[in-house]
Amino acid sequence: MTLKHDPSMLLAALRAALGEDCVRAPLADDAPELRDYRRRYQGRALALLLPRDTAQVSTLLRFCFERRIGVVPQGGNTSYNGGATPDGSGTQVLVSLRRMNRIRAVDAANFSLTAEAGCTLQAVQDAAEAAQRFFPLSLGSQQSCQIGGNLATNAGGLNVLRFGMMRELTLGIEAVLPDGSVLDGLTGLRKDNTGYDLKSLLIGSEGTLGIITAATLKLWPAQRSSATALLAIETPAAAIRLLSVLREHVGERLTSFELMPHDAVELVRTQVPEVRMPFTPTPPCLVLCELTSAAIEPLDELLQAALLAPNAQADILDAVLARSEAERMALWQMRESIPEAQRRHGPSFKHDVSVPLDAIPSFMQRVSDWVLQSAPESVLICYGHAGDGNLHCNLSARPGADMATFKARESAVQSFIHDLVMQFRGSISAEHGIGQSKLIELQRRASPVKLALMAQLKAAIDPRGIMNPGKLLPDLSGQ
Ligand code: FAD
Ligand code: 2HG
Ligand code: ZN
């Protein structure tokens, strides 16, 4: 997409339309908004727009639609795949929702809350808690990621096993479409069978169909009881067996089930030494599991009883139960420090994938064998939300490895892992989305029917291709 108008005239017109304080330009090359979280993409932008309300979002989109200006929505900018970074042309506008951060309403009786897109996830959790309610989405990035970004990526995280992903946590959405029209779908209704589910289409659309401005989210009763355990086990196969046993014993109370193989935990031990390590030496595999309940009930006893069942005992080498909130937090800190440990260690390759539960052990074994054989300069850091079949199948360089050799292997590693995912009928993006980093992979691997339908929907809703060009779908706006 090229600019057909003089940039300084465009900026003057934008300022006139939106007000001086909503348009920031020019942006310094090192402005944080122009670079992605993992520092793999650096963009440029005509301007950073900072709307204060839905009407301003509508004005700016109508403005861009009329002039065919590319628009990149940005939330907390924690995307792992460059989804919120503009391209290098300097012709796109970046729209940050951060000023739209009001909790519009909490309806405790209806167990729902309406928040503007720029609210951080943490702020939404806090607002729910203040009303003795619970909003279950929980991510390592929750202090900075925003509800708009969570919706646009259909975020997952640590509690999906029990409560579902963002799509399942949403009742209604308000969004502005590319031509500036406002789709007011804010509703607290649980039942509404009046045609296509447009909210579901916008959730996971990664800013390619419009700008989400607010959402009505489901709340749950405050969770009054919890029990958390760290289990030392031998293999991922044991983890999958334990998952079944636990579900049979504790039912829907099982909220999280995270798998952390030895090398992921060792990386935390060496890179984030402030984290307490319950087991020395580090066992072959760890599982962090948590039960929660809205009722006051002895979940510790329930969890212990489940872990003492003969078919569980056979798979457990050792176990630690959190005896206090501080101990619980320490266990979670170990799990949540894995991304930080990888970041401190240096460059890494990340693959957010899912496979059917029963395929997890052989998938992990085959990746591990291949890495040893074909990428010996790397260490496999494959961990994650095993209860959801979701693995973060990442690689870091071995200490002392030649970095050029490590980096040169990136596409071979990705091909191997994604080929294997496809063999197991899994997904090459479980929870982080496609953005720009997986665009070609999606085009290569999704069915032609699916891709054609996605392209038709995109063309119908965004006929001028102004929304987040080159993310999720190829940029056809210039053709
Ligand atoms: P951004 O990064 O700003 O944007 C992401 C995408 O959404 C972009 O395509 C952008 O254009 C679009 N977008 C943003 N706001 C809007 C809007 N209002 N309207 C339309 N489109 C919009 N993700 C998980 O799913 N599970 C995890 O467990 C998890 N853990 C993480 C841990 C860490 C330490 C980090 C850094 C990231 C993690 N993530 C995780 C990834 C990331 O935090 C999520 O994808 C999050 O939902 C992105 O929100 P954001 O506000 O930062 O969005
Ligand atoms: C997590 O589960 C996040 O910790 C980040 O989704 C995963 O860094 C990663 O690969
Ligand atoms: Zn994750």
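For reference, positions follow the sequence shown, starting with 1. Order of appearance sets the numbers: ligands from 1, and atoms from 1 within every ligand.
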For ligand 2, is any non-hydrogen atom under 4.0 Å from Glu431's backbone (N, CA, C, O), its side chain (CB onward), both, or neither?
-> side chain

Heteroatom proximity flag, Ala84 to ligand 1, N/O under 3.5 Å | no

Do we get Arg39 above Tyr37's six-membered ring, with its NZ or CZ under 6.0 Å from the centre and within 45° of the axis?
-> no

Using the six-membered ring of Tyr41, assess whether NZ or CZ of Arg35 lies under 6.0 Å from its centre and within 45 degrees of the ring axis.
-> no

Considering only heavy atoms of Lys350, which atoms of ligand 2 have at least one such atom less than 4.0 Å away?
-> 8 (O), 9 (C), 10 (O)

If you measure from each non-hydrogen atom of Phe349 to ligand 2, which part falls under 4.0 Å: side chain, backbone, both or neither?
-> neither

Gln74 N/O under 3.5 Å from ligand 1 N/O = no

Within 4.0 Å of some non-hydrogen atom of Asn468, the atoms of ligand 1 are 9 (O), 11 (O)

Which of these, Arg24, Gln74, Arg98, sits in a side chain to side chain donor-acceptor pair (under 3.5 Å) with Glu33?
-> Arg98

Return the option from Pro73, Gly82, Cys145 holding the heavy atom at the smallest distance from atom 49 (O) of ligand 1.
-> Cys145

Nearest-neighbour protein heavy atom for atom 7 (C) of ligand 2, which is reported as residue plus atom name and distance = Tyr383 OH, 3.3 Å

Sort out for me which residue in Val287, Leu288, Val320 forms a side-chain contact (heavy atoms from CB on, under 4.5 Å) with Leu231.
-> Val287

Shell of protein N/O/S atoms around the Zn ion (ligand 3), taken as anything under 2.8 Å | His385 NE2, His392 NE2, Glu431 OE2

May I ask which of Ala152, Cys119, Gly157, Pro86 has a heavy atom nearer to atom 13 (N) of ligand 1 than the others do?
-> Ala152

At under 4.0 Å between heavy atoms, which part of Asn394 makes contact with ligand 2: side chain, backbone, both or neither?
-> side chain

Output yes when the distance from some N or O of ligand 1 to some N or O of Ser141 is under 3.5 Å, and no in every other case.
-> yes

Please confirm whether Trp220 and Phe134 have ring centers closer than 6.0 angstrom.
-> no

Hey, which atoms in ligand 1 end up nearer than 4.0 Å to a heavy atom of Gly210?
-> 20 (C)

Numbered atoms and elements of ligand 1 in range of Gln146, under 4.0 angstrom, heavy atoms | 50 (P), 51 (O)

Where is the nearest protein heavy atom to atom 1 (C) of ligand 2: which residue, which atom, and how far?
-> Arg335 NH2, 3.4 Å

By number and element, which atoms of ligand 1 are closer than 4.0 Å to a non-hydrogen atom of Ala155?
-> 25 (O), 47 (O)

Taking only heavy atoms of Ala117 into account, list the atoms of ligand 1 that are under 4.0 Å away from them.
-> 18 (N)

Decide whether an N or O pair under 3.5 Å exists between Ser138 and ligand 1.
-> no

Looking only at N/O atoms, are Ile211 and ligand 1 under 3.5 Å apart anywhere?
-> no

Consider ligand 2: state whether an atom of it lies below 4.0 angstrom from any non-hydrogen atom of Glu336.
-> no

So is Leu139 polar-close to ligand 1, meaning N/O to N/O under 3.5 Å?
-> no

Filtering Leu121, Thr153, Ile434 for the heavy atom nearest atom 45 (O) of ligand 1 leaves Thr153

